Amino acid sequence: MKIAFVGKGGSGKTTLSSLFIRHLATTGSPVVAVDADINQHLGPALGLDDAEAERLPAMGDRLQLIKDYLRGSNPRITSAETMIKTTPPGEGSRLLRVCEDNPVYEACARPVELDGGAVRLMVTGPFTEADLGVSCYHSKTGAVELCLNHLVDGQSEYIVVDMTAGSDSFASGMFTRFDITFLVAEPTRKGVSVYRQYKEYARDFGVTLKVVGNKVQGQDDIDFLKGEVGDDLLLTVGHSDWVRAMEKGRPPHFERLEDDNRRALRALQAAADATYEQRDWERYTRQMVHFHLKNAQSWGNERTGADLAAQVDPAFVLREIEAEAVTA
């Protein structure tokens with residue numbers, strides 16, 4: 001199950017995504033956690049100290065390796081240099097699975113031990129001084145999008161992505177790559193403004209969007225969120241002494257998280273699991289191709305010097321069964 005956490009800066013999306021990742025780890029489920037936020041705070045939220053977080057390998061710095069591996073023997077992709085962030089898989093492409101070892105995970109993922117289990121953590125890498133004036137952060141998140149395009153995940157397998165803040169996710173087609181998107185919103189006008197943008201942009205793409213109200217202090221806050229987002233409001237959470245201790249670098253054992261917050265995390269998992277039966281791999285592949293053709297026409301063809309529309313394999317549909325056909 002592919003799950004995104006989005007929200008405006010400061011909404012608490014990284015904190016909530018890290019709690020959800022910790023919760024999934026306690027269930028014994030395989031989890032790949034991805035930090036695709038420009039601020040790169042997911043590692044510390046999962047308990048890494050600053051030095052450990054800085055040593056995490058950046059996916060953006062290993063894009064060539066990722067392309068070389070995913071290209072496989074796909075005859076429609078003439079070289080790894082012609083692959084862009086939206087390049088879809090086809091016959092001969094290598095696909096990624098959650099529960100496997102492969103060169104991409106070896107280069108980009110690191111295990112993080114949590115209470116009750118471990119997860120694989122991948123990070124896009126920070127926006128550096130060298131990027132200023134010559135690059136945008138989407139060049140780094142492109143590595144995440146390319147991996148998601150080639151990912152075949154099954155039931156009770158989880159990929160949790162802490163996305164960029166605000167509506168930046170719509171700079172590419174990555175917002176369509178998830179089974180469910182949890183939008184974290186504070187009970188303020190600014191807090192729900194990102195929800196309105198997300199709802200509007202995602203309207204035509206069948207995105208399953210649920211709002212998680214954060215920093216809620218009482219019934220008035222709940223009523224405000226209900227009035228603003230209606231049935232999209234899944235649940236609300238308030239103050240947590242456990243989270244406060246975690247933010248000070250002294251998290252108690254995870255089993256000491258407050259009961260109401262544990263119930264909230266179980267509700268998030270239930271909402272994600274419920275989307276499994278709604279999966280439409282043909283639509284998923286079709287949307288992938290749609291955004292690839294848009295990117296090819298707007299900048300990709302000129303950038304690569306190739307006709308990137310030719311990369312589309314019209315007979316290929318990404319499915320769970322395709323995981324058995326990964327090339328050696």
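Quick caveat: nothing in here was measured; it's all calculated off a predicted structure. Residues: numbered from 1 along the sequence shown.
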Practice task
Kindly indicate, with the supporting measurements, whether the criterion side chain to side chain donor-acceptor pair (under 3.5 Å) is fulfilled by Thr26 and Glu255.
Solution key: CA-CA 9 Å; Thr26 67; Glu255 67 183 11; over 6 Å; no

Exercise for the section: Show your reasoning for whether side-chain contact (heavy atoms from CB on, under 4.5 Å) applies to Gln217 and His239. Expected result: CA-CA 8 Å; Gln217 298 182 7; His239 173 79; over 6 Å; no

Exercise for the section: Would you sort out whether Tyr105 and Glu100 count as a side chain to side chain donor-acceptor pair (under 3.5 Å), showing the intermediate values? Expected result: CA-CA 9 Å; Tyr105 289 153; Glu100 69 172 2; 5.5 Å; no

Handout entry: Arg97/Glu157 under salt bridge (Lys or Arg N to Asp or Glu O under 4.0 Å): CA gap, chis, key distance, verdict
Key = CA-CA 9 Å; Arg97 288 174 285 183; Glu157 299 176 337; over 6 Å; no

Problem - Full working for side chain to side chain donor-acceptor pair (under 3.5 Å) between Ser240 and Glu258 - result: CA-CA 7 Å; Ser240 168; Glu258 298 87 353; 2.9 Å; yes

Practice task
Run the numbers on Asn74 and Glu91 for side-chain contact (heavy atoms from CB on, under 4.5 Å), then give the verdict.
Solution key: CA-CA 6 Å; Asn74 187 336; Glu91 185 67 31; 5.9 Å; no

Exercise for the section: Dump the intermediate steps for salt bridge (Lys or Arg N to Asp or Glu O under 4.0 Å) on Glu320 and Arg279, then the final yes or no. Expected result: CA-CA 11 Å; Glu320 288 181 52; Arg279 282 186 161 188; 3.5 Å; yes

Practice task
For the pair Leu151 and Lys2, evaluate side-chain contact (heavy atoms from CB on, under 4.5 Å) and give the outcome as yes or no after the intermediate values.
Solution key: CA-CA 9 Å; Leu151 178 69; Lys2 294 178 285 291; 4.0 Å; yes

Exercise for the section: Test side-chain contact (heavy atoms from CB on, under 4.5 Å) on Thr164 and Thr141 and set out the steps. Expected result: CA-CA 9 Å; Thr164 54; Thr141 58; 4.3 Å; yes

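Among all heavy-atom pairs drawn from Gly60 and Ala143, the shortest one is N-CB, 4.4 Å. Counting all heavy atoms, side chain and backbone alike, His292 lies closest to Leu308 at NE2-O, 3.0 Å. Closest approach of Pro314 and Val312 over heavy atoms only: CD-O, 3.2 Å. Leu121 and Gly43 make their closest contact through CD2-CA, 3.9 Å (heavy atoms, listed as atom of the first residue, atom of the second, distance). Taking all atoms of both residues into account, the shortest heavy-atom contact from Val112 to Leu46 is CG1-O, 4.0 Å. Residue Ile84 comes nearest to Ala296 through the heavy atom pair CD1-N, 4.4 Å, listed as atom of the first residue, atom of the second, then distance.
Looking at heavy atoms from C-beta onward, Val32 lies out of side-chain contact with Val119 at the 4.5 angstrom threshold. The shortest distance between side-chain heavy atoms of Gln197 and Lys8 does not fall below 4.5 Å. Residues Pro88 and Thr285 fail the side-chain proximity criterion, which asks for heavy atoms closer than 4.5 Å. Residues Asp273 and Tyr276 have side chains not in contact (no heavy-atom distance under 4.5 Å, counting atoms from C-beta outward). When side chains are defined from C-beta on, Met174 does not count as touching Lys85, because their heavy atoms never get closer than 4.5 Å. Between Thr15 and Met246 there is a side-chain heavy-atom pair separated by less than 4.5 Å. By the 4.5 Å heavy-atom criterion applied to side chains, Asp153 and Asp179 are counted as neighbours. The shortest distance between side-chain heavy atoms of Thr181 and Lys210 does not fall below 4.5 Å.
Using a 4.5 Å cut-off between side-chain heavy atoms of Ile, Leu, Val, Met, Phe, Trp and Tyr, with links allowed through other members, Tyr69 and Ile66 fall into the same hydrophobic cluster. Under the 4.5 Å side-chain heavy-atom criterion for Ile, Leu, Val, Met, Phe, Trp and Tyr, Val6 and Leu234 are members of distinct hydrophobic clusters. A single hydrophobic cluster is not seen to contain both Leu16 and Val34; linkage of ILVMFWY side chains at heavy-atom distances under 4.5 Å, directly or through other members, places them apart. Cluster membership for Met122 and Phe20, using ILVMFWY side-chain heavy atoms within less than 4.5 angstrom, is not shared. Cluster membership check: Val98 shares its hydrophobic cluster with Val144, using side-chain heavy-atom separations under 4.5 Å among Ile, Leu, Val, Met, Phe, Trp and Tyr.
For Arg262 and Phe254, the positive end sits near the middle of the six-membered ring, less than 6.0 Å away and at most 45° from its axis.
For the residue pair Glu186/Ser11, the side-chain donor-acceptor check at 3.5 Å is not satisfied. Remark: the Gln64 side chain and the Asp68 side chain contain an N/O donor-acceptor pair separated by less than 3.5 Å.
For the atom pair CG (Leu257) and CH2 (Trp242), the distance works out to 6.5 Å, reported to the nearest 0.5 Å. Note that CG of Leu235 is 5.0 Å distant from CG of Leu268, once rounded to the nearest 0.5 Å. Annotation: the span from Ile21 atom CD1 to Ser17 atom OG amounts to 5.0 Å, rounded to 0.5 Å. How far OG of Ser18 is from NE2 of His23: 13.0 Å, rounded to the nearest 0.5 Å. Taking OG of Ser93 as the start and CG of Leu70 as the end, the distance is 8.0 Å to the nearest 0.5 Å. Residue Leu183 holds its CG atom at 8.5 Å from OH of Tyr195, rounded to the nearest 0.5 Å.
Between Asp37 and Lys13 there is a salt bridge, since a side-chain N of the basic residue sits under 4.0 Å from a carboxylate O of the acidic one. Under the 4.0 Å criterion applied to side-chain N and carboxylate O atoms, Arg55 and Asp49 are not assigned as salt-bridge partners. Taking the charged nitrogens against the carboxylate oxygens, Arg196 and Glu228 do have a contact shorter than 4.0 Å, which makes a salt bridge. Remark: Arg110 does not engage Glu52 in a salt bridge, criterion side-chain N to carboxylate O under 4.0 Å. Salt bridge annotation for Arg120-Asp101: present, with a cationic side-chain nitrogen under 4.0 angstrom from a carboxylate oxygen.
Within a 6.0 Å sphere centred on CZ of Arg283, heavy atoms belonging to other residues, nucleotides or ligands number more than 12. No more than 12 heavy atoms of other residues, nucleotides or ligands sit less than 6.0 Å from atom CG of Asp50. Around atom CD of Glu247, more than 12 heavy atoms belonging to other residues, nucleotides or ligands sit under 6.0 Å away. Residue-environment remark: CD (Gln219) exceeds the threshold of 12 foreign heavy atoms within 6.0 Å.
Judged purely by atom type and a 3.5 angstrom limit, Thr304 uses its side chain to pair as donor or acceptor with the backbone of Gly300. Side chain of Thr275 to backbone of Gln278: no donor-acceptor contact under 3.5 angstrom is found. A donor-acceptor distance shorter than 3.5 angstrom exists from the side chain of Gln40 to the backbone of Asp35, with no hydrogens or angles considered. Proximity of a side-chain donor or acceptor of Arg266 to a complementary backbone N or O of Asn261 within less than 3.5 Å is not detected.
Using a 30° and 60° split on the angle between ring planes, Phe291 and Phe175 fall in the perpendicular class, above 60°.
Aromatic ring centres of Tyr284 and Phe205: separated by at least 6.0 Å.
Here the rule is side chain to side chain contact (heavy atoms under 4.5 Å, CB included) with Phe178, and of Leu148, Ile3, Ile159 only Leu148 fits it.
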